[in-house]
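Down below is the structure, laid out as structure tokens.
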Amino acid sequence: MKRFILLLTVLFVFLSSLPVCAVSDPGLSHSAASLVYCTEPDRVLYSSEADKKVYPAALTKLMTVVLAAESIESGKTDADTADQLITASASAISAVEGNHISIMIGEKLKFRDLVGATILAGANDAALVIAEAVSGSVPEFVRQMNRRADQLGMKDTVYTNPTGLHDGEMVTTANDLLILAKLAATKQFLSELFGSIRITIDATNMSGARSLGTRNYLVSTRVTTDYYLPMATGMICGSTYEAGFCVIASAQHDGLNYIAIVLGADTTR
């Protein structure tokens, strides 16, 4: 984990000393792919293996929450407002593996809280409940994920689930994720959550209040101060054994906005 954070730190420190132009290699290593992008003037400043197909791990959830935000914008699904209560089904909860916040069958949670849990805690149960709320079923939601990726021009991305649990057929690239991250950054509903250090989910019909802290050590000192970077503002991170450590991180420096992506970072501890 430490090596992964150091990789990302290199990228952001690299930003702080350079003009907004294409630059030389910062000496990044131990990752499968990486890039740094600046929104003004819409330019990739650095990239390495940005078209290499890799496993996305929990970065998959960025598409999940983008579709959640778009469902609110469109008002065409059962989750047409952020404060609407969504009931967790048996089919969603029975499929949960990995990270979760112990959502129970029949529990009613606000849609915004499900999105927040997905972003901050990497909650797979929240992601599955979102999928059913938006598309009616998880398989249909996965089809929607792939349709949206195709619409956005994410030509090398294939989704097979909304959580990022490893599947050998689910792949993406740094360049494709940049397309998605740029879109996600335009959605205020998501931006507020990306930079949150902690959220509180009010008591539900089946659980007391939950307090969830972010897993992103770049924006929070709640666990350690070793990796905190004042310029970092979000966005999403995760890992699996097969994917290594992965992150899409946003930052602000000298009035400019940046996105840094590191994929397949070495899992050596």
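From a predicted model like this one, the values you see are computed outputs, not experimental measurements.
With hydrogens and angles disregarded, a donor-acceptor distance shorter than 3.5 Å links the side chain of T60 to the backbone of A57. No side-chain donor-acceptor contact under 3.5 Å links T221 to the backbone of T224. Side-chain N or O atoms of T240 include one that pairs as donor or acceptor with a backbone N or O of A243 at under 3.5 Å. Under a 3.5 Å cut-off, the side chain of N146 and the backbone N or O of Y159 do form a donor-acceptor pair. In this structure a side-chain-to-backbone donor-acceptor pair under 3.5 Å is missing from S135 to S137. Although no hydrogens or angles enter the test, the distance criterion places no donor-acceptor pair under 3.5 Å between the side chain of S48 and the main chain of A33. The main-chain N or O of M154 is never found under 3.5 Å from a side-chain atom of D150 such that the two would form a donor-acceptor pair. Side-chain atoms of S71 come within 3.5 Å of backbone atoms of A68 as a donor-acceptor pair (strictly under, hydrogens ignored). The closest donor-acceptor contact from the side chain of S94 to the backbone of A90 lies under 3.5 Å.
Inspection of the T204 and E107 side chains reveals an N or O donor paired with an N or O acceptor under 3.5 Å. Side chains of Q252 and T233: a donor-acceptor N/O pair is absent below 3.5 angstrom, by distance only. N124 and K61 share a side-chain donor-acceptor pair at under 3.5 Å. Donor-acceptor pairing under 3.5 Å is recorded for the side chains of T157 and D176. Between the side chains of N216 and T214, no donor N or O sits under 3.5 Å from an acceptor N or O. Between R198 and S211, the side chains place a donor N or O and an acceptor N or O closer than 3.5 Å (distance only, hydrogens not considered).
Looking only at side-chain heavy atoms (C-beta outward), L256 and T39 stay at 4.5 Å or farther from each other. Counting heavy atoms from C-beta outward, F245 and S31 have side chains that stay 4.5 Å or more apart. In this structure, the side chains of L85 and L109 stay at 4.5 Å or more apart for every pair of heavy atoms. Taking 4.5 Å as the limit, some side-chain heavy atom of K187 sits within range of a side-chain heavy atom of V66. Taking the side chain as every heavy atom from C-beta outward, V171 and D156 never approach each other to under 4.5 Å. Counting only heavy atoms from C-beta outward, the side chains of Q144 and L67 approach each other to under 4.5 Å. Contact of the L183 side chain with the L152 side chain is registered, since non-hydrogen atoms from C-beta on lie closer than 4.5 Å. Between Y258 and M231 there is no side-chain heavy-atom pair separated by less than 4.5 Å.
Connection of I119 to L165 is not established within any shared hydrophobic cluster, with ILVMFWY side chains joined at heavy-atom distances below 4.5 Å, either directly or through further cluster members. Cluster annotation: V158 and I179 are assigned to distinct hydrophobic clusters (Ile/Leu/Val/Met/Phe/Trp/Tyr, side-chain heavy-atom contacts under 4.5 Å, transitive).
For R147, the salt bridge (Lys or Arg N to Asp or Glu O under 4.0 Å) test picks out E140, with sequence neighbours left out. With sequence neighbours excluded, the residues that form a side chain to side chain contact (heavy atoms under 4.5 Å, CB included) with A117 are I101, A123, A126, I201, L212. Under the salt bridge (Lys or Arg N to Asp or Glu O under 4.0 Å) criterion, E192 pairs with no residue, sequence neighbours left out.
Within 6.0 Å of atom CD in E169, 12 or fewer heavy atoms from other residues, nucleotides or ligands are found, so the atom counts as exposed in its surroundings.
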Inset, instruction - List the steps, then state whether side-chain contact (heavy atoms from CB on, under 4.5 Å) holds for L263 with L59. - result: CA-CA 9 Å; L263 302 172; L59 303 192; 3.4 Å; yes
Inset, instruction - Show your working on side-chain contact (heavy atoms from CB on, under 4.5 Å) between S102 and M104 and close with a plain yes or no. - result: CA-CA 6 Å; S102 300; M104 292 175 277; 5.9 Å; no
Legend entry - I86/K110 under side-chain contact (heavy atoms from CB on, under 4.5 Å): CA gap, chis, key distance, verdict: CA-CA 6 Å; I86 304 299; K110 289 181 180 178; over 6 Å; no
Inset, instruction - Go through the steps for L45 and Y37 under the test side-chain contact (heavy atoms from CB on, under 4.5 Å), then give the verdict. - result: CA-CA 6 Å; L45 306 182; Y37 165 83; over 6 Å; no
Inset, instruction - Determine, stepwise, if the pair T87 / K108 fulfils side chain to side chain donor-acceptor pair (under 3.5 Å). - result: CA-CA 4 Å; T87 301; K108 299 179 184 294; 2.9 Å; yes
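Here the shortest heavy-atom pairing between M63 and A149 reads CE-N, 3.7 Å. Shortest non-hydrogen contact noted between M170 and Y55 is O-CD2, 3.3 Å. Annotation for G234 and V219: closest pair N-CG1, 3.6 Å, computed over non-hydrogen atoms. Heavy-atom minimum distance, I197 versus S220: CG2-OG, 3.5 Å. Residues E132 and S91 share a closest heavy-atom pair of OE2-OG, 2.5 Å. Nearest heavy-atom pair across K52 and A32 is CD-O, 3.8 Å.
In this structure, H166 has its ring center at least 6.0 angstrom away from the ring center of Y241.
Rounding to the nearest 0.5 Å gives a distance of 8.0 Å between CG of N257 and OG of S250. Distance CD1/I259 to CG/L35: 8.5 Å, rounded to 0.5 Å. Interatomic distance, L62 CG to L180 CG, rounded to the nearest 0.5 Å: 4.0 Å. One distance of note links CG of D113 with OG1 of T118; it measures 10.5 Å at 0.5 Å rounding. Annotation: the span from N99 atom CG to T163 atom OG1 amounts to 9.5 Å, rounded to 0.5 Å. Distance check, rounded to the nearest 0.5 Å: CZ of R112 to CZ of F189 gives 5.5 Å.
The only member of L177, L178, V262 that meets side-chain contact (heavy atoms from CB on, under 4.5 Å) when paired with I248 is L177. Tested against L114 for a side-chain contact (heavy atoms from CB on, under 4.5 Å), the candidates L128, V65, I103 yield a single pass: I103.
Ion pairing of D42 with K182 is present here, as a side-chain N (NZ or NE/NH1/NH2) and a carboxylate O approach within less than 4.0 Å.
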